[in-house]
Amino acid sequence: ALALGLALALAAWRRRRRPLREVLFFPSRPSCTEALLAEAAEPGGEPRPCPCPLPRGDSPFSRLLRRLLSARRSLDICLFAFSSPQLGRAVQLLHRRGVRVRIVTDAQYMGLRGSQIGLLRRTGIQVRHDQEGGYMHHKFAIVDGRTLITGSLNWTTHAIQNNRENVLVLEDAEYVKPFLEEFERIWEEYNPSNYTFF
């Protein structure tokens, strides 16, 4: 019994120590995400049944949502398009939980109807955007400075449910570090105090 217990503990330790590497492909079928969002809003609370008719279960979108909701200290987001209400709610929940959220986005896209950027900014989340002619076309997020989420996916319901897209989620300092540096570089470049207005 002792040997079995030690073997199980060792196997669990190895699973925890293995760096996260996950590939998600879209489109993702519509699915109910209320349980995930409710758990994030009230960790450890009683699960409430959701009356919506959408199927429950694992999907690329629910796995992406879980990765985002795992943030405990920080979430840095660098996105061209962000209009998914569920992802917007997830980011707001993290902000309310005390996670430092920063968003870099494209100036032209952020003002479009349906964009979540204005709603997120009104909740007190820091948002910066470009002031130049080209698009700010990056699509990545960094959770707690150690988990990178990147790929072709814009955070829109249309892209999530209809487009052929990919997302790579990984914990590998060799790859996370350049994305952190790029985020900080853009964050400083888009600091409003650096803008020159004519």
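We count residues from 1, following the sequence as given. Only a predicted model underlies this, so the values are computations on that prediction, with no experimental measurement involved.
The two residues V143 and S70 make their nearest non-hydrogen contact at CG1-OG, 3.9 Å. Scanning all heavy atoms of the two residues, the minimum distance from T157 to P85 falls at OG1-CD, 3.5 Å. The nearest pair of heavy atoms linking C52 to C32 is SG-SG, 3.4 Å. Nearest heavy atoms, I160 versus F26: O-CD2, 3.6 Å. The nearest pair of heavy atoms linking L54 to P30 is CD2-CB, 3.9 Å. Residue D106 comes nearest to G134 through the heavy atom pair OD1-O, 4.1 Å, listed as atom of the first residue, atom of the second, then distance.
Between L148 and V169, the closest side-chain pair of non-hydrogen atoms is not below 4.5 Å. Counting heavy atoms from C-beta outward, Y190 and Q131 have side chains that stay 4.5 Å or more apart. Looking at heavy atoms from C-beta onward, V127 lies in side-chain contact with T105 at the 4.5 angstrom threshold. Taking the side chain as every heavy atom from C-beta outward, R63 and E22 approach each other to under 4.5 Å. Inter-residue side-chain proximity for N162 and P27 is flagged as unmet; no heavy-atom pair is nearer than 4.5 Å. The shortest side-chain heavy-atom distance between N166 and S152 falls under the 4.5 Å cut-off. Inter-residue side-chain proximity for R100 and D76 is flagged as met; some heavy-atom pair is nearer than 4.5 Å.
Applying the salt bridge (charged side-chain N to carboxylate O under 4.0 Å, His left out) rule to pairs touching residues 151-166 yields nothing, sequence neighbours excluded. The salt bridge (charged side-chain N to carboxylate O under 4.0 Å, His left out) analysis of residues 136-158, with sequence neighbours excluded, yields the pairs R146-E171. Within the structure, every pair that satisfies the side-chain hydrogen bond (donor to acceptor under 3.5 Å, both in side chains) test and touches residues 32-41, not counting sequence neighbours, is listed here: E34-R89.
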Residues 109-116 side chain polar contacts: donor-acceptor under 3.5 Å, at least two apart:
residue : atom : partner : partner atom : Å
S115    : OG   : M110    : O            : 3.2
S115    : OG   : I117    : N            : 3.2

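Listed by chain and residue number, C78, M136, F140, E182, I186 satisfy the side-chain contact (heavy atoms from CB on, under 4.5 Å) test with H138 (two or more places apart in sequence, or in another chain). Not a single ring pair (Phe, Tyr, Trp, His ring centres under 6.0 Å) links F61 to another residue, sequence neighbours left out. Listed by chain and number, the residues in a side-chain contact (heavy atoms from CB on, under 4.5 Å) with N191 are R128, E188, S193, N194 (sequence neighbours excluded). Partners of R66 according to the salt bridge (charged side-chain N to carboxylate O under 4.0 Å, His left out) rule, which considers only residues two or more places apart in sequence or in another chain, are D58. Taking the ring pair (Phe, Tyr, Trp, His ring centres under 6.0 Å) definition, one finds that H137 meets it with F80, sequence neighbours left out. Take D172 and apply the side-chain contact (heavy atoms from CB on, under 4.5 Å) test, not counting sequence neighbours, and it matches R21, L170, E174, Y175. Residues forming a side-chain contact (heavy atoms from CB on, under 4.5 Å) with A40 (at least two apart in sequence, or on another chain): L69, L93, R97.
The cluster map of Ile, Leu, Val, Met, Phe, Trp and Tyr, joined by side-chain heavy atoms under 4.5 Å apart, puts L68 and I125 in the same cluster. Under a hydrophobic-cluster definition in which Ile, Leu, Val, Met, Phe, Trp and Tyr are linked whenever side-chain heavy atoms come within less than 4.5 Å, directly or via other members, L153 and I77 are assigned to the same cluster. F183 is not connected to L94 by any chain of hydrophobic side-chain contacts under 4.5 Å among Ile, Leu, Val, Met, Phe, Trp and Tyr, and they are in different clusters. Grouping the Ile, Leu, Val, Met, Phe, Trp and Tyr side chains by contacts below 4.5 angstrom, directly or via other members, places L79 with V101. Residue F25 is not grouped with residue L65 when hydrophobic side chains (ILVMFWY) are merged at heavy-atom distances under 4.5 angstrom, including chains of intermediate members.
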Practice problem: Starting from the C-alpha separation in whole Å, work towards a yes-or-no answer on side chain to side chain contact (heavy atoms under 4.5 Å, CB included) for V91 and F82. | Solution: CA-CA 11 Å; V91 171; F82 189 167; 4.0 Å; yes
Practice problem: Could you please spell out the steps behind the side chain to side chain contact (heavy atoms under 4.5 Å, CB included) verdict for I103 and R121? | Solution: CA-CA 9 Å; I103 300 174; R121 184 177 257 165; over 6 Å; no
Quiz prompt | Audit row: T147, V176, side chain to side chain contact (heavy atoms under 4.5 Å, CB included) steps and yes/no | solution = CA-CA 7 Å; T147 305; V176 175; over 6 Å; no
Exercise. Starting from the C-alpha separation in whole Å, work towards a yes-or-no answer on side chain to side chain contact (heavy atoms under 4.5 Å, CB included) for I149 and L64.
Key: CA-CA 8 Å; I149 300 170; L64 172 62; 3.7 Å; yes
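If you take CD on Q92 and CZ on R122, they are separated by 9.5 Å, rounding to the nearest 0.5 Å. Here the CZ-OG distance, from R67 to S62, works out to 10.5 Å after rounding to the nearest 0.5 Å.
The hydrophobic side chain of L119 is isolated, with no ILVMFWY side chain under 4.5 Å apart from it.
Between R185 and E181 there is no salt bridge, since no side-chain N of the basic residue sits under 4.0 Å from a carboxylate O of the acidic one.
Of the possible polar contacts, none joining the N154 side chain to the T156 backbone as a donor-acceptor pair under 3.5 Å is found.
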